[in-house]
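Take a look at the structure set out below.
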Amino acid sequence: MSEGIISTAVTSALHEALRKAQTDGQLRLAVWPSLVFDIPKRAEWGDLSTTVAMGLAKGEKRPPREIADVIASHLQWKTDLFDHVDVVPPGYINLTIKRDQWFRVLTEIEQQGTAYGDSTVRAGQKVLIEFVSANPTGPLHVGHGRGAAVGDALAHLLTRTGADVTREYYVNDVGTQVETLGKSVLMRVPQEGLGVELKDAPLPEGLYQGQYISEIATAFVESQPLPAMKNGEADVAEAGRFAKDLLLREILADLHQFNVRFDAVFEEHTLYDNGVVPDALDALRAKEYVYTSEEADWLATSRWGDDKDRVVKRANGQYTYFASDIAYHVHKFNRGFQQLINVWGADHHGYVPRMKAMIHALGYSENSFQVSLVQLVSLVRSGKPVAMSTRAGEFVTLREVMDEVGVDAARFFFLMRRSDTPLDFDLDLAQRKSNDNPVFYVQYAHARITSLFKMAQEQGMNVPSVSEVDLTLLGFPEELALVKKLAEYPELISESARCLEPHRVAYYLQDLAGLLHSYYYKHRILQVNASALTLARLVLMGAVQTVVRNGLTVLGVSAPETM
RNA sequence: GCGCCUGUAGCUCAGUAGGAUAGAGCAUCGGACUUCUAAUCCGGUUGUCGCAGGUUCGAUUCCUGCCAGGCGCGCCA
């Protein structure tokens, strides 16, 4: 786990203290405890707090208070790092860090810049993040948008922890959906003799109803000579392929506008073109994980906790969707990826057990495969829910939301909540230019600092480097609070990445922006007669700006210079 | 019926590899603009952490049961 400069120093001090206590025979430490710190809830409990003593009490067979005293006695003399060390019942060790130690963070940020917050936990690891993967049978809706924002943010997060990340979009272009798409398009072809002349009449049950189908139909006939369309079967396939390609292009264009770029688009049909599906199943059959029963082939997923075994090849000889998934994931591993992350709509959670079982069957460890489930998005306008009905083909598309509220607001709102809980997306709030709009509030912090720098420049001051200023001048509690918040950032990133929870970054940024606005209002930064103080404050502002920008970048939200 | 997720302030939600007196925003009420962006800030008010047991020195966090809501349970994709 990556840690900030302060936590690293404190951890090693604690480690040292424990070792000393052990060599002195004060603690036996049969099992070495994990050295974790919390940021205490109350200021009087210090900057960092640890409960190691309480955890050790059982093994040492001594009261936690005594153990804490022992540890504290070995920490006490590190006066360069600690201002003071307190032991509080029942056995907390509360550490107060020397003020000047905190300010080292500013040097750190200045040196690392856009890399501040990066770590090496996943260095050398090849990670594949598969997300969106919407079937190309219509435009993306807001739910897909949330998946796109989450997947992309996860990709950023893992990149920050050193991973070599590939973003991939999987296209289900085998099976009935593309066929249905083809049929739907043909029904809307505006030519007599081929389509129904009832242009706007509802299509038969099960076909795609949206207006976009008619548009595709028009494009389809224009794309090829009429006489070529003769026999039904071939036309359906042709129309389906045409529509799929067109819709996929539009989907990727929407995502492009949404600032999501995929490194690869993987089409299901290539698995069949290259025989990957039968190969994968044969390999599993060789391990006796695939068997035949009632004329169908099954994967024995129940061996690894699934409710029942799953059909991979139906009695009629057709492969199931699950068979494609098996082959696809074999293919992912064969391409050298060590960690596979799939971002799915939460309605697919029922597939997770069979997928995990499949990973086992393939011989990979369970934690090499993770699924991030993304819950539904409900749009709210003027306090009332916006009606959405997929059945009638009326749903709010990602494009509509993007056009209405902008890419930044959309992305931030999608990432504002834990992704596995439903999201109420307030369209009014997202457009508001005031402090109750979180994305605005955070971006404004960034723009405000830029504006400040501009003003400083007009007064003949450039933002100095840390080495040129006297940081001891930053004596206000608000200044220390900002620095402490900045120090949290590296751990925030590594923890968000470990838990696959980008929303933590959104919360952090709101906190940081709050501290900034509050400070800005309370203390004038550009002092007239105290240029040394002003310079020190400019350094602090520069650091805040760097971290705000880094955090927004993780979320895929821009950091504007002016607003 | 079985499985997964959720239940925290009036509303929207954080917080859980067990830790101290449970937090934020919104709403509401009351304040602050000769000012580097008031596009902002400051202050007041708000809780049986769904309910009931259990494990523990300590539970919002872990376990069990119940209640409520959402989703999922095909040789569909």
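Throughout, a chain's letter reflects where its sequence line sits, starting with A, and its residues are numbered from 1. Because only heavy atoms are used, hydrogens play no part in the values below, and waters and symmetry mates are left out as well, while side chains stay in.
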(message) By nearest atom, which of the nucleotides A20(B), A14(B), G15(B) is closest to the Ser49(A) side chain?
(response) A20(B)
(request) Could you please name the partner base of U55(B), counting Watson-Crick and G-U wobble pairs only when both distances are under 3.5 Å? (result) none
(request) Go through G15(B), C75(B), U40(B) for me and flag the one nearest to the Arg504(A) side chain. (result) G15(B)
(message) The side chain of Arg418(A) is closest to which nucleotide in this list: C75(B), A14(B), A38(B)?
(response) A14(B)
(request) Quick one: look up who C49(B) pairs with, Watson-Crick or G-U, both distances under 3.5 Å, and put none if it's unpaired. (result) none
(message) Can you tell me if Tyr507(A) is stacked onto the base of A24(B), using a 5.5 Å centroid cut-off and an angle below 30°?
(response) no
(message) With rounding to the closest Å, how many angstrom separate the C1' atoms on U45(B) and C51(B)?
(response) 28 Å
(message) Quick test of your reading of the model: are Arg285(A) and Asp297(A) salt-bridged, counting only N-O distances below 4.0 Å?
(response) yes
(request) Report the nucleotide, chosen from A20(B), C13(B), C41(B), that has the shortest atom-to-atom distance to any side-chain atom of His517(A). (result) C41(B)
(request) Name the closest nucleotide to the His349(A) side chain, picking from G3(B), C41(B), C13(B). (result) G3(B)
(message) Rounding to an integer number of angstrom, what distance separates C63(B) and A20(B) when you compare their C1' atoms?
(response) 24 Å
(request) Flag the pair Lys332(A) and Glu130(A) as a salt bridge only when some basic side-chain nitrogen lies within less than 4.0 angstrom of an acidic carboxylate oxygen. (result) yes
(message) Given U21(B), C75(B), A20(B), identify the nucleotide with an atom nearest to the side chain of Lys41(A).
(response) A20(B)
(message) So if I take every side-chain heavy atom of Leu526(A) and compare against C75(B), C26(B), C36(B), which nucleotide ends up nearest?
(response) C36(B)
(request) Could you tell me whether Lys183(A) and Glu179(A) make a salt bridge, using a distance below 4.0 angstrom between a side-chain N and a carboxylate O? (result) yes
(message) Starting the side chain at C-beta, find the nucleotide from U35(B), U12(B), C75(B) nearest to Lys308(A).
(response) C75(B)
(request) Using the C1' atoms only, state how far G44(B) lies from U48(B), rounded to an integer number of Å. (result) 24 Å
(message) Counting only side-chain heavy atoms from C-beta out, which of C36(B), C26(B), A20(B) sits nearest to Ser451(A)?
(response) C36(B)
(message) Classify the ring geometry of Trp344(A) against His348(A): parallel below 30°, tilted from 30° to 60°, perpendicular beyond 60°.
(response) tilted
(request) Both distances under 3.5 Å, Watson-Crick or G-U wobble: report the partner of G10(B), or none. (result) C26(B)
(message) As a test of reading the structure: which of A20(B), C75(B), C13(B) is closest to the side chain of Asn94(A), going by heavy atoms?
(response) A20(B)
